[in-house]
Amino acid sequence: MKKTFGILFLLLFFGQVTVGFGQENKGFYQFLNDDPTQKPFFSDKKGVFAKNGMVASAHPEASRVGTAILQAGGNAVDAAIAVQFALAVVHPAAGNIGGGGFLVYRAKDGQSHTLDFREKAPLAGSKDMYLDASGNVIAGLSMTGHLASGVPGSVDGMVRAHERFGSLPWAALLQPAIDLAQNGTVLTEKEALGLNRIKADIVRLNPQKTYLLHPDGKNWQKGDLWTQADLAETLKRIQRKGRKGFYGGKTAKMLLAEMKKGVGIISKKDLKQYQSVWREAIVGTYKNYKIITMPPASSGGVALLQLLRFVEPYPLKKWGWHADSTVQVMIEAERRAYADRAKFLGDADFVKVPVQELTDGAYLKSRWADFNWDRATDSKALNGGNLPGYESLETTHFSVIDRDGNAAAITTTLNGGYGSRVLVGGAGFLMNNEMDDFSVKPGVPNMFGLIGNAANAIAPGKRMLSSMTPTIVEKDGKLFLVVGTPGGSTIITSVFQTILNVLEHGMTIQQAVNALKFHHQWLPDMTTFENGAFTENTINKLKARGYNLNTQKNTIGRMDCIMVLPDGTLEGGSDPRGDDTSVGH
Ligand code: DON
């Protein structure tokens, strides 16, 4: 054990001093391609190691809450529930009770389960609800304000997860979040900047005074103590009454009053009827690894399996990380997977989603038939594939592993940062703007530039299609990785790259998270990449083959992942691009 740590330390130490160098250091960075100018990482942040349990999340307080629950004897699901509620307090951009998400859970006995607590379109919703009389999209209506919200699923999801797999009392899992809301949290620089950035929307959409604005009218600063008294009371109602503390009683009354104020359409019946759903996980293989991931209403699982299967035959490891050939096959895989996403994916409770067919080897082979080393495939000429017999119908992530080896991956969101920016008056929580994840009009891109068709059209009670991809990977039948990230349409490709970074390029999980990322989503036909992700040489080679490439101002991904090392030690890998932190015990 000591020896393993010694070796790890040496590797990490040398890693630190050699980051950004090339060939001569390939001894330490086997995954580098042969270009000495290649810089692999966003930063050289180090992983966190522990023996008994690990929580990786977007906020240090939330990770501490989760680990405290594990230390108190809670299991991975207990910790995940406590983290979900804590993030609703300390990370209001995405943590939520007014949004929804997905849980992928692998129990220590190897059984996998997924819980879909995605929001639903209100019963009064309709296909053309964001279009004007001439059939044009009304700009912004699905993105901000009261009409942008789906019926929230997070509280129901946590209740269902607890009923089935929780071990500690429900009340104990809410208490840390209540304490954080009541006693206040110290704002990080990123959280302070985030709140300042949305000030104008908050003032416009919330005429009542809210604690999202500094009490003195100033800008928030790093280090300010931020308390949320109304949210603490709402969390107490959820603590006392479970589901009814949110979908009924005082909280529901406040939510409905808020809807009335802003001409929103979520009704009492919507709240009463909302139910999260246990669904069978999508399970597939990549070489000797088993991939356990989210089915529809997320597109993430199907797309991830397609991506992995497309690239499986190629020697990515031999070519090297971000070598032009490696990047080229990954881009072509992404182009095809996102074209299929737009054509086939939607809420499987409403439309037939051909999951088996889309991940079938022969189908994927046929999709690859027009791949050409000399020339980028033209996205305009490519559409979703043709499936025999198919009738055309048309975020924050956290990972937990407990001492017994139960593993939970949750990706949860309000959609855009701070959701609809409507704070429910008196109840103190932000509502989602998840309705924008529907295809509000066929072929019109949503806020992530994704287009969709009838499969993802709005219908009453239907779930909007997601890209969230909480995923668990097994190696030789044993728990190996827990991964996921926010990032809208880039979620799927970030999860894909992080998995390949470990499986093919031999990175540690922290290195895989740190690694610079790129993204292609069929349309627009453009590969965006983080500054430095590709060398000039790679860029030139790809451009010569007709690839459109563009550096991306924003970073890609904000991953929070855990890896199980061969001796059972857990490595938490939390993204240096945010406040993300792993805490183990
Ligand atoms: O479900 C989805 O795919 C989106 N609502 C996720 C939004 C997201 O990741 C925003 N964060 N960067």
Side-chain angles (χ1 to χ4, degrees), residues 57-59 87 91-96 98-104 114 116-121 142-144 148-154 157 190 194 197-198 293-304 337-338 341-342 345-347 395-398 409-421 430-440 445-452 455-456 458 462-471 483-496 517 519 521 528 530 552-560 575 577-580:
S57 89
H59 199 285
L87 283 170
H91 184 40
N96 68 81
F102 302 107
L103 159 73
V104 173
T114 80
D116 176 347
F117 54 99
R118 180 73 161 167
E119 301 93 323
K120 286 181 162 203
S142 63
M143 295 186 204
T144 43
S149 296
V151 184
S154 291
K190 290 201 168 68
R197 189 166 41 83
I198 59 161
T293 186
M294 197 65 215
S298 183
S299 62
V302 172
L304 177 65
Y338 278 80
R341 180 195 191 278
L345 273 292
D347 180 354
T395 317
T396 190
H397 175 85
F398 55 97
I410 287 191
T411 314
T412 179
T413 187
L414 291 166
N415 193 21
Y418 307 89
S420 69
R421 310 209 166 157
L430 282 161
M431 288 294 286
N432 66 82
N433 59 345
E434 218 73 64
M435 291 296 282
D436 190 64
D437 271 351
F438 278 116
S439 169
V440 302
N446 75 358
M447 72 165 85
F448 301 109
L450 290 168
I451 57 180
N456 189 31
I458 303 170
K462 184 176 174 184
R463 289 179 160 94
M464 55 296 281
L465 184 61
S466 173
S467 300
M468 295 192 279
T469 316
T471 298
V483 294
T485 184
S489 56
T490 67
I491 291 174
I492 302 167
T493 50
S494 298
V495 168
F496 173 51
K517 308 242 162 19
H519 174 73
Q521 60 178 47
T528 50
E530 286 186 305
Q552 152 113 0
K553 204 170 93 247
N554 299 326
T555 53
I556 301 180
R558 205 175 146 173
M559 319 266 330
D560 281 289
D575 212 307
R577 296 162 181 82
D579 296 327
D580 305 54

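As the structure is a computational prediction, the values presented were derived from the model and not from experiment. For reference, positions follow the sequence shown, starting with 1. Just follow the structure's listing: the first ligand is 1, and inside any ligand the first atom is 1.
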Leu345 side chain reached by Asn456 side chain, heavy atoms, under 4.5 Å: no
Considering all heavy atoms, the nearest Arg341-Leu465 contact: NH1-CD2, 3.7 Å
Quick one: ligand 1 N/O to protein N/O pairs below 3.5 Å?
unit_1: ligand 1; atom_1: 1 (O); unit_2: Arg118; atom_2: NH1; d: 2.9
unit_1: ligand 1; atom_1: 1 (O); unit_2: Arg118; atom_2: NH2; d: 3.2
unit_1: ligand 1; atom_1: 1 (O); unit_2: Asp437; atom_2: OD2; d: 3.1
unit_1: ligand 1; atom_1: 1 (O); unit_2: Ser466; atom_2: OG; d: 2.6
unit_1: ligand 1; atom_1: 3 (O); unit_2: Ser466; atom_2: OG; d: 3.3
unit_1: ligand 1; atom_1: 3 (O); unit_2: Ser467; atom_2: N; d: 2.6
unit_1: ligand 1; atom_1: 5 (N); unit_2: Asn415; atom_2: OD1; d: 2.7
unit_1: ligand 1; atom_1: 5 (N); unit_2: Glu434; atom_2: OE2; d: 2.6
unit_1: ligand 1; atom_1: 5 (N); unit_2: Asp437; atom_2: OD2; d: 2.5
unit_1: ligand 1; atom_1: 9 (O); unit_2: Thr395; atom_2: N; d: 3.3
unit_1: ligand 1; atom_1: 9 (O); unit_2: Thr395; atom_2: OG1; d: 2.3
unit_1: ligand 1; atom_1: 9 (O); unit_2: Gly487; atom_2: N; d: 3.0
unit_1: ligand 1; atom_1: 9 (O); unit_2: Gly488; atom_2: N; d: 2.7
unit_1: ligand 1; atom_1: 11 (N); unit_2: Thr395; atom_2: N; d: 3.2
unit_1: ligand 1; atom_1: 11 (N); unit_2: Gly487; atom_2: N; d: 3.4
unit_1: ligand 1; atom_1: 12 (N); unit_2: Gly487; atom_2: N; d: 3.1

Qualifying residue, where the test is side-chain hydrogen bond (donor to acceptor under 3.5 Å, both in side chains) with Glu530 and the options are His519, Gln552, Arg577: Arg577
pair Asn446-Asp437: side-chain heavy atoms closer than 4.5 Å: yes
Min side-chain heavy-atom separation Asn415-Glu119 under 4.5 Å: no
Donor-acceptor under 3.5 Å (Arg463 side chain, Ala297 main chain): no
